[in-house]
Structure formats: C-alpha cells, structure tokens
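Note sheet for the following structure.
Letters A, B, ... mirror the listed sequences (proteins, then strands); counts begin at 1.
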Number of protein chains: 2
Amino acid sequence: MDKETILIVDDEKEIGDLIEVYLKNEGFNVIKASNGLEALEEIKEFKVDLIILDVMMPGMDGLQACIKIRESNPVPIIMLSAKNEDIDKILGLSTGADDYMSKPFNPMELVARVKSQIRRAKRLNGAMALQANLIEIEDLLINTSTHEVRIGEREIKLTPREFDILVLLARNRGMVFSIEKIYQCVWNEDFYESDNTVMVHIRKIREKLEDEPRKPRFIKTVWGVGYKIEK
Amino acid sequence: MDKETILIVDDEKEIGDLIEVYLKNEGFNVIKASNGLEALEEIKEFKVDLIILDVMMPGMDGLQACIKIRESNPVPIIMLSAKNEDIDKILGLSTGADDYMSKPFNPMELVARVKSQIRRAKRLNGAMALQANLIEIEDLLINTSTHEVRIGEREIKLTPREFDILVLLARNRGMVFSIEKIYQCVWNEDFYESDNTVMVHIRKIREKLEDEPRKPRFIKTVWGVGYKIEK
DNA sequence: GGAATTTCTTAATATTTTCTTAAGAATAAA
DNA sequence: TTTATTCTTAAGAAAATATTAAGAAATTCC
C-alpha cells in the first residue's frame, strides 16, 4: 500500500513541524502550507489524502479555505482551533469539515483521528465507486467500475493487463503511447530493454476486440512511435 | 421534534452531573447509568439516541460495554478516556465507537460532538430506510430483515459471514469487489496480507447456491480483480 | 462445560494470465 | 530491389491467481 499524503496548513511553523514529526513516525507522507491559498495550490498539484487545517490564519482563514476546498475535493479535513466558538461551526454541516480538535491538542489523539478519517474515507470511496465510470468509443463501451467491455451487445472478456492498457489508451484518445510509456503507466515500473511484452498484449486485445486484427478499428499502430486510439 | 435522549455512563457522579447540565441546557433529555451493566439495562428499557461512555469503570469497562451494546444497537457512542493508549483502540474500527474525547474535556466541545453525531445518525438512518430489504436476482431471493435466502422453493442456509458477503454483492450488482474491499466492507477491518479467507467464504456460498459451482450463475469471478454478481 | 457450528488457516491442485522466445510479415530507407 | 528496422503472430514456459479440501481455532448454543 502506498503511503498516504497529508497536507498540514498552519501559519505557526512550530505546530506544523510538531504534527509532521508524529505523522511521519506513523509512516505518512507530509506536505505543508502556511495559508489557505497555498493549500489550494498544493491540492491542485498533489494527490492529498487528508488535510489538517488551522482555523486562525492570516489571509484566507481556515473556515473559508475549508469551504473553498470542498467545492472541488471530497478529501477529509480535520480542523484545529483554539476558540470555543468555532467548535459548533466546524462540526455543524455548513463548513464540510469532517473532524475537529481544539488547541492545544494531544498529538497522539490527532494521529488517531487522522487514521480514523482515512479509514472512513477509504470505505466511503468503495461505495462511491458505484457510480459507473464509462468510456465510450463508437460502439465500444468500457466500464471501469464493473470491469466490463462490450462492443454493441457482445461482451468482451479482457485480462487485467489487457484491460489496463485499453483503458490507458481509451482515456487518452488521440495521444500516441510508446511501448515504453505504456509499460511505465500500466506496470508502474521502469522499462528496461526491448522485450515485446507490450506488443503481445496489444495483439491479444486486438484479437478480442477487432473483427479484422489486420485492419484494427480501435488500436492503431503509429509506425516507429507507438500505439493510439484515434479521436 | 421530540427531545433526543442521551445516556451518560460514568461511575464518577460529578462528571455525569456536569455533562448533564450542559446537555439539558441544549434541550436534550438525559438519563444516567454508573456502569456497563446498568447501561445495558437502560438501553433495553428506553429509546436512546446517543451514549456517552467512560472507558474506565469498575465491573464491565467501557470498551467491553461498547462492544456489547453494538451487538444489538447501532446507536452512536462517544467514549471518554483519560488514557492516551485508549485513543487508537477506540477510534479503530473494532470497538464500534463513533467518536472519542480525552479527559479532562471541554464541555462545549462534547456538546458539539454530541450534536454532530446525532445529525450523522439521522442522515444515516434516512439512507438506511431507503435500502430495500428484499433483493431479487432471477430466482434467488434475499430477505435482509429475516436473513432468509431462497432459490425458488428451496431455502438456503447461510452463515452470517456468508450472508453479509452475498448481500454486499447482491446490493451492488454489476460492481466488482476485490478481495480487499469485500474484507473491508464485511469485516469492517483493514485488510492486511493475503490469506484467502474471503475466497473460502465465496466458495462456501457457491457450494450452497449453485448447482454447478464450477460454472456459477450468481457470483462470477473477475480474474485478477475480484468477484461480482452480474447485472 | 461440552457439542455443534462457524470461521479461519494451511496447503495441494487447477486454472488463467503473463512473459519469453522466435519466426514471419510489413514498412521505411538505401 | 534490397536491406534493416519495426511490427505481428504463434506457441509454450513461467508466474500469478483461483479453487478446493481438510482440519484447527474460535465462537455460539444448549
């Protein structure tokens, strides 16, 4: 399992550093921002699994930032505040924060709450995946949540690798992928020397997808470069 | 709207009284118990909307009580503890507690957390009510309220685990569930390494459901990915 | 407290996928 | 046209994944 990334947003450096130590100790990946705007930038750039957000900050405060983040991202947010009046606001439904801790806080408790929220998010994600994720290419239909591929009425059975390669090309229609690139994307490993593993897979996919593998409708060969699905 | 009833379980009278004052002030109805067994009695007698449960108590401690309560009741539980070591245990999934506060605590924060949990429970309840308790898949009938499963006239006896797995797949027809996801959803625990517990259960279900387990009609294998019931 | 049931673990077997190899075909360049 | 390069195809070995069976451990029920 990959390390989860946690974004700490606090203008007080010592607090951020303290939290960082504890989280890293638990095997989390940590990035930091010192105000709301920076936080928004970081989120755009990196895949963040949880945000710890201080309410009191110069510029865009934590509550505003929280609302802003929520507009585009369902990532779990834990808010920190020293003011009692904030509690109700935060745990109410309006801000969209998932949990709250009052300052000064016990770092162990924060870590436990972080873990708890991440677990919750994972479970929720499972349920969310229900929403079908459909890719359509002419009469070729790819459903990434049910792992189904069909052409018209005919159901095509693809192996996991074949499926991944097809999805990669289908999600990026028009783009040409070199053998090397495909290998890196699908296998998540570096590509060493030229075996033709990828080619063999491409052929298998064509065999299953195409009526005439010689004249493929979907996966086209770009000579000397790679493969693509035309736009 | 009726006043919500909150059960406070603590052997220290002063703490219970303190919490009571704050909660009553917010319009909640409060009842009290001074140990785990008493709490179980109260729950049987009254309709309780939330429980505040101290971990450290003579006799049955809070953690045991929490697990015991959860067996029969999905009511939200907030646990109180002075010991750091408890945090992880409580916020982990195994006890079934919904939230935690460390002692000494800020009563305002506790009240806010109470309100937050009650809101959450209401939402959850709404969502639950929508789920049909009769699932039909061709001639397979699953009744989630009576825990009955039948195929045509034949009644199938499934164990609790088997039943849960089947319902998970049946409620989400078409969707593929990985071994890991099944484990997380049914066991409510994190999935560590690859034992094949889930597979064995799948096989048992097939044995009971299918005429030819080799060619399953209901639970299909999606190679390298997981299992599903086709739509 | 003991029997029955359920759940989990282990390991052997079966199946499917993935990779490797190698030979033949298509394409581009000389 | 010839040659070198790149791509396609096929077949079988290796690796990964799934099924099955049997028994141990835990739990439930009486």
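When rounded to the nearest whole Å, the span between CZ of Arg206(A) and C1' of dT9(D) equals 11 Å. If you measure from atom CD of Glu210(B) to atom P of dT19(D), you get 12 Å, rounded to the nearest angstrom. The CD1 atom of Ile202(B) sits 17 Å away from the C1' atom of dA21(D) (whole-angstrom rounding). Atom CD1 in Ile205(A) sits roughly 12 Å away from atom P in dC19(C) (whole-Å rounding). Atoms CE (Met199(B)) and C1' (dA21(D)) sit 15 Å apart, rounded to a whole Å. His201(A) places its NE2 atom 16 Å from the P atom of dT9(D), with the value rounded to the nearest Å. Protein atom CZ of Arg203(B) is 13 Å distant from nucleotide atom C1' of dA14(C), rounded to whole Å. Rounding to whole angstrom units, CH2 of residue Trp223(B) and P of dA16(D) are separated by 11 Å.
With DNA chain D read from its 5' end, the first of the two nearest nucleotides for Ile179(B) and Ile179(A) is the one closest to Ile179(A). With DNA chain C read from its 5' end, the first of the two nearest nucleotides for Glu162(B) and Glu162(A) is the one closest to Glu162(B). Along DNA chain C, the nucleotide closest to Lys157(B) and the one closest to Leu158(A) are compared, and the more 5′ of them pairs with Lys157(B). Position along DNA chain D of the nearest nucleotide to Gly226(A) versus Gly224(B) favours Gly226(A) as the more 5'-ward residue.
Considering only heavy atoms from C-beta on, Ile15(B) comes within 4.5 Å of Phe105(B) through its side chain. Ile6(A) places none of its side-chain heavy atoms less than 4.5 Å from the side chain of Asp49(A).
Using a 3.5 Å distance cut-off with no hydrogens or angles, the side chains of Arg161(B) and Thr197(B) do not pair a donor with an acceptor.
Side-chain to base pairing of Asn196(B) with dT17(D): no donor and acceptor N or O lie closer than 3.5 Å to each other.
Taking 4.0 angstrom as the limit, Thr197(B) places none of its side-chain polar atoms (N or O) nearer than this to OP1 or OP2 of dT7(C). Between dT16(C) and Thr159(A), no contact under 4.0 Å exists linking OP1 or OP2 to a side-chain N or O.
As judged by a 4.0 angstrom heavy-atom cut-off over every strand, Tyr227(A) is placed among residues touching the sugar-phosphate backbone only. Contacts of Thr221(B) with the nucleic acid, taken as non-hydrogen atoms under 4.0 Å apart, involve only primed sugar atoms and P, OP1 or OP2. The residue Arg161(A) sits close only to the backbone: its heavy atoms come under 4.0 Å of sugar-phosphate atoms, none of a base.
Here the nucleotide nearest the side chain of Glu207(B), chosen from dT17(C), dT10(C), dA21(D), is dA21(D).
Taking 4.0 Å as the cut-off between side-chain N and carboxylate O, Lys32(B) and Asp10(B) do not count as a salt-bridged pair.
No donor-acceptor pair closer than 3.5 Å links the side chain of Asp98(B) to the backbone N or O of Ile78(B).
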